[in-house]
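Below is one structure, written out as structure tokens; comments come after it.
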2 protein chains.
Amino acid sequence: MNDASKVNPETRERVQKAMRKLGYQPSRVAQRLRATKGRSKLLGLIIPDIQNQFYSNIVRGVEDVAYGKDYAVILCNSDENPNKERFYLDVLQSESVDGVILPPIHQYSKVVEGLVEAGVPIVCVDRKLVREAVDTVVINNQKGGFIAVDHLIELGHKRIAILSSSSQFSSFEERQKGYEEALKASGINVDPDLIREGDPRSSENARELTKELLALESPPTAIFATNNLMTLGALEAINEAGLKIPRDISVVGFDDMPWAKAITPPLTVIKQPGYEMGRRSAELMFQRVADPGREPVQITMEPSIIVRQSTGKVKINKK
Amino acid sequence: MNDASKVNPETRERVQKAMRKLGYQPSRVAQRLRATKGRSKLLGLIIPDIQNQFYSNIVRGVEDVAYGKDYAVILCNSDENPNKERFYLDVLQSESVDGVILPPIHQYSKVVEGLVEAGVPIVCVDRKLVREAVDTVVINNQKGGFIAVDHLIELGHKRIAILSSSSQFSSFEERQKGYEEALKASGINVDPDLIREGDPRSSENARELTKELLALESPPTAIFATNNLMTLGALEAINEAGLKIPRDISVVGFDDMPWAKAITPPLTVIKQPGYEMGRRSAELMFQRVADPGREPVQITMEPSIIVRQSTGKVKINKK
DNA sequence: ACAATTAATGAAAACGTTTTCATAAAGTCA
DNA sequence: TGACTTTATGAAAACGTTTTCATTAATTGT
């Protein structure tokens, strides 16, 4: 049934026939129980929240590669909650998955580090683990932040705000670093008043932060939102304030969501290849399963800017 | 370890201690292999595409309920492809999941019907199965279509177009039925020219259909898009045509996506409770697993209209 | 105090595979 | 032909649990 090479062709045919006749389907559970490590046909995938489209892109990428290899995927939502992360890691181990793909909640995660050291195949996607060498797929977040802000600077903006994350996720930290780098490179002071850190999981928080920004004595002429939900919150607040984009304020979003080009005005964004990141993660995972000894690699993908119509030259009287 | 009731308390304590000491974690695989039906701690979930936010809402609802019961979820994307659907159903059976939740691709699906009859716990969500009595969670799609169109009629619109699905998914058929019902109830002729059926999986197709609509000799004054992706396509086409919403044309979308209230103008939509549908589906599933004999039920949830600013009174000179 | 019931315990079977091992059959070589 | 290798085959062990069964210990009733 399994190793076709070392068996008599006619015997094989006889077996195949019997299988069809009986409608026999091997139990993947029993196979997994008996199988040696690396043949469980099951992958674990832990993400913060499937309702965040960025992560559903990653999930789809993983799933498509898994499908091609006859693997199934167990999906887990961590809600950025380390306890849930740990719980699911336990469950997945208990399920004997061949490996786990996840954006680790913390850059220094004892739990995840422990698994890596224990030889459990782990692939980090979207976020890095600092202390442990592990297969990783990320984008160049700092560059993403840089090109977003640089684009605004070229349009003449000087008061550029950023909506970033209050939690220490590597991706947001780096995007913010890129923001500061771009400002400094153009000799613009980094004004702490324009740096707002909030919860990247909901647009609601970003909406409030944007309101605060707009209420400043000297409000920003442009806003850089560092993920899709924060972008939504910013847009909402700007709408409510009755401001027109890009006439009154420019906006750069992070991640090119399906709605970005459909809205008025179409949104300028930093594009990150979520689906492709998922695919690459899964591919790294299968490579590791096939060869547990190989050196961990880090794949860094390049973000790019898509200039649409939400960014315009800064108003002259504002200078 | 398992049945705490019938064991000597101090023996139990002794066992617990040993478990902690050894860091023992039971293998869910072995448990599943041995367990009787209904205790596998694993659920299957097949959806057309996780990148469609409506489905990620459902997934999240399912996952949250499953998490509460210590269940894990295997996620599968069918791409509306019956072969993939069948493939995954086989895989899930082979994985001994306790049951499968899915929107069946076809209303008459031999495969799914077969499983229902074979006693495999199945819950249909979003779409129905016609020939077989099975636990189902849907919304009142016809009513959804009706209130969308009725709202437009009340604003004076007479030429109302609909973007619907060319494939026979029960949900789209019913929404379209609601559209026609509303028109007829107000004595408005159903103009076949205003009914455009396309692929609900991508916005691209809807964009083209909308372009066609706008190019009509007597173009519609309002468009009802029957799912979130088609809404996006419609918005895009309207943008490209340089038309202003709601001044030149009104739009009602289906499903209240996170971006709906952030865009300009905020979008009037028919809201469907995707997350809640997922939750209810999972609850039905657990009920069925606990009591395989109980009569199948159908839960019909109510859609509602959220009137924002993408719908306005029809232009006077247009009358 | 003895039989009868109940509770606790430990061993063995079962779940459905893959892997290993032993044996039998067939083929090769001097 | 006899010894040796290769190929085929069937039986048994193993994976890690839960369930069943038999045995022993403790409790109850007369």
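- If you run side chain to side chain donor-acceptor pair (under 3.5 Å) between B/Asp135 and each of B/Arg280, B/Arg294, B/Gln287, only B/Arg294 comes through.
- For B/Arg28 and C/dC15, the CZ to P distance is 23 Å, given to the nearest whole Å.
- Here D/dT17 presents its P atom at 12 Å from CD of A/Glu95, a figure rounded to the nearest Å.
- Between B/Tyr67 and A/Tyr88, the distance from one ring center to the other falls under 6.0 angstrom.
- A salt bridge links A/Asp64 to A/Arg60: at least one charged side-chain nitrogen sits closer than 4.0 Å to a carboxylate oxygen.
- The A/Ala30 side chain lies nearest to C/dG16 when the options are D/dG16, C/dT18, C/dG16.
- For the pair B/Lys37 NZ and C/dG16 P, the computed distance is 11 Å after rounding to whole Å.
- Between the P atom of C/dT18 and the NZ atom of A/Lys41 lies a distance of 11 Å, rounded to the nearest Å.
- Rounded to whole angstrom, the span from the CZ atom of B/Arg39 across to the C1' atom of D/dT19 amounts to 12 Å.
- D/dG16 atom C1' lies 14 Å from atom CZ of A/Arg32, rounded to whole Å.
- Few gaps surround CZ on A/Arg131; more than 12 heavy atoms of other groups in view lie less than 6.0 Å from it.
- Closest to the A/Leu33 side chain, of the nucleotides D/dC15, C/dT17, C/dA14, is D/dC15.
- Rounded to whole Å, the distance from OH on B/Tyr24 to C1' on D/dT18 is 10 Å.
- In this structure, CZ of A/Arg34 is placed 15 Å from C1' of D/dT17, rounded to the nearest angstrom.
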